[in-house]
Structures are given as C-alpha cells and as structure tokens.
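As the structure is a prediction and not an experimental result, all values here were calculated from the model.
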Amino acid sequence: MAEQASPRGTFQKIADQLKAQMDRDPEMVELPPIAEVMHDHQVSRGVVLRAFAMLQRDGAAEPVPGGRWRVVREGQRTDRRPLAERLADVFTDDGLEVGAAFPSASVLCERFGVSRPTVTKALGKLEAAGWLSEGRQGKVRTVRALPNREESSSL
C-alpha cells in the first residue's frame, strides 16, 4: 500500500514556500495566481486560500479587491482600520479643537487615498457620533466635540 502525504499542514508548507520565494525575489509584487498555486501543489482552492490567509496574518501579503494578492514589504504596511477610525485620528494629528474647521472631503480623499463616497460615509459616522457638524456642499464641517481613544475605536 502506497504511503500518502498527509494533508495536514499543507497550507503552512505552501505559505512557507511562498514566503521564501518573496524573500529571494525583492522585485516580486504579487503572489502567483491561485490557479497556478493549486496546479503546482496539487491542492484545492481552499488550501491555497488558507496559505494566503496565513501570509496575510503574518503581514507578508494582502488581498487586492478584483485582483491578485499583493506582496507587502517592510515599510509598506498599511493601516487596516476602518476609515472612520483613521479619520478620528485627524482630530489629534492635526491638533483640532472644538469649533475648528475639519479638512474637506477632497483633502481627505487625497490624504487617505480613497474615493469620495468612502470618505462621505466615514464622515457620516463622525457626524452621527456628534464630533462633527453636518457637512453640505459649500459648507465647512466644524469640530463639535473631541473623541477620546475608547470612543474612536468603537466606530
């Protein structure tokens, strides 16, 4: 009777091999396509996704919506918190006080590298929390209250 390889830990072995490949090739910016990894290792899609998730947990890779997984190098780590939480940091980062003008949606789009609808939705959460006045076209949002650390992490 032929001995079969154990499927346990297969995703870990694949993740280790991909990590070694990333370390050997500093020009590598994307993980190989899932289908290619499935074929090369003769495993299912689920096993490959577990390997990719392990790389994500280690901070070595991240998924790209509608695209392949991206390799993340030291110094490239991005803040993965929801945008509303990152916007709450603007109060302290910019030294804003009650009554001060909050940066415009355009400025925030540029600063955080996201779309206007994404910023608008996050600003709505800050308005609902009572930290910002309501913004409308041509009207500057102002700071109504300053969030504390516990409040900003609950957005």
Side-chain angles (χ1 to χ4, degrees), residues 1-96 102-132 135 141 145-155:
M1 184 157 140
E3 185 177 323
Q4 285 189 317
S6 169
R8 285 201 171 153
T10 303
F11 70 94
Q12 292 173 326
K13 292 174 188 170
I14 293 170
D16 290 343
Q17 288 176 6
L18 289 169
K19 182 76 169 104
Q21 184 181 354
M22 289 185 284
D23 291 342
R24 282 191 311 270
D25 183 4
E27 301 298 315
M28 185 177 181
V29 294
E30 292 180 326
L31 294 180
I34 293 172
E36 182 180 311
V37 178
M38 287 170 57
H39 179 267
D40 291 350
H41 295 276
Q42 295 297 301
V43 295
S44 68
R45 179 178 179 83
V47 172
V48 175
L49 290 175
R50 285 184 71 186
F52 284 12
M54 186 176 204
L55 292 171
Q56 181 180 15
R57 199 172 40 247
D58 294 344
E62 63 185 7
V64 176
R68 296 201 346 222
W69 283 63
R70 170 181 25 232
V71 173
V72 178
R73 306 275 180 199
E74 281 301 318
Q76 284 184 320
R77 308 258 187 258
T78 56
D79 189 347
R80 306 303 293 170
R81 295 178 300 153
L83 182 60
E85 284 184 33
R86 292 186 286 154
L87 287 181
D89 291 345
V90 170
F91 291 95
T92 53
D93 292 348
D94 292 6
L96 300 177
F102 199 76
S104 69
S106 298
V107 168
L108 295 170
C109 289
E110 180 76 25
R111 184 169 172 176
F112 291 98
V114 296
S115 67
R116 184 175 290 273
T118 302
V119 168
T120 302
K121 184 176 179 181
L123 286 170
K125 290 182 179 183
L126 299 183
E127 290 171 7
W131 301 333
L132 291 178
R141 283 182 180 83
L146 297 174
N148 62 36
R149 182 54 80 195
E150 293 80 36
E151 289 175 325
S152 62
S153 65
S154 68
L155 289 176

Shortest non-hydrogen contact from [X] toward [Y]:
X	Y	result
Leu96	Leu146	O-CD2, 3.5 Å
Val37	Ile14	CG1-CG2, 3.8 Å
Pro103	Asp94	CG-OD2, 3.8 Å
Glu127	Gly135	OE2-N, 3.2 Å
Val119	Cys109	CG2-SG, 3.7 Å
Met22	Arg73	O-NH1, 2.9 Å

Is any side-chain heavy atom of [X] less than 4.5 Å from a side-chain heavy atom of [Y]?
X	Y	value
Asp58	Lys19	no
Leu18	Pro32	yes
His41	Gln17	yes

Please determine whether the number of non-hydrogen atoms from other residues, nucleotides or ligands lying under 6.0 Å from atom [atom1] of [X] exceeds 12.
X	atom1	answer
Arg111	CZ	yes
Arg68	CZ	yes
Glu110	CD	no

Check your understanding: Would you find a donor on one side and an acceptor on the other, under 3.5 Å apart, between the side chain of Gln42 and the backbone of His39?
Key ->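 Yes, Gln42 side chain to His39 backbone: donor-acceptor pair under 3.5 Å.
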Review point. Taking the six-membered ring for Trp, are Phe102 and Phe91 ring centroids under 6.0 Å apart?
Key: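 Yes, they do, as the ring centres are separated by less than 6.0 Å.
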**Study point:** CD-CG distance between Glu62 and Leu31, expressed to the nearest 0.5 angstrom
**Key:**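 Interatomic distance, Glu62 CD to Leu31 CG, rounded to 0.5 Å: 10.5 Å.
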Review point. Distance from Asp93 atom CG to Leu87 atom CG, nearest 0.5 Å?
Key: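 Reported value, rounded in 0.5 Å steps: 10.5 Å.
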Practice item. Take Phe52 and Ile34 through the test side-chain contact (heavy atoms from CB on, under 4.5 Å) and record every step on the way to the result. Key: CA-CA 9 Å; Phe52 284 12; Ile34 293 172; 3.6 Å; yes
Practice item. Decide yes or no on side-chain contact (heavy atoms from CB on, under 4.5 Å) for Val43 and Phe11, but give the supporting numbers first. Key: CA-CA 9 Å; Val43 295; Phe11 70 94; over 6 Å; no
Review point. Judged by modelled atom types alone, do Ser106 and Arg116 share a side-chain donor-acceptor pair under 3.5 Å?
Key: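 Note: Ser106 and Arg116 side chains meet the donor-acceptor criterion.
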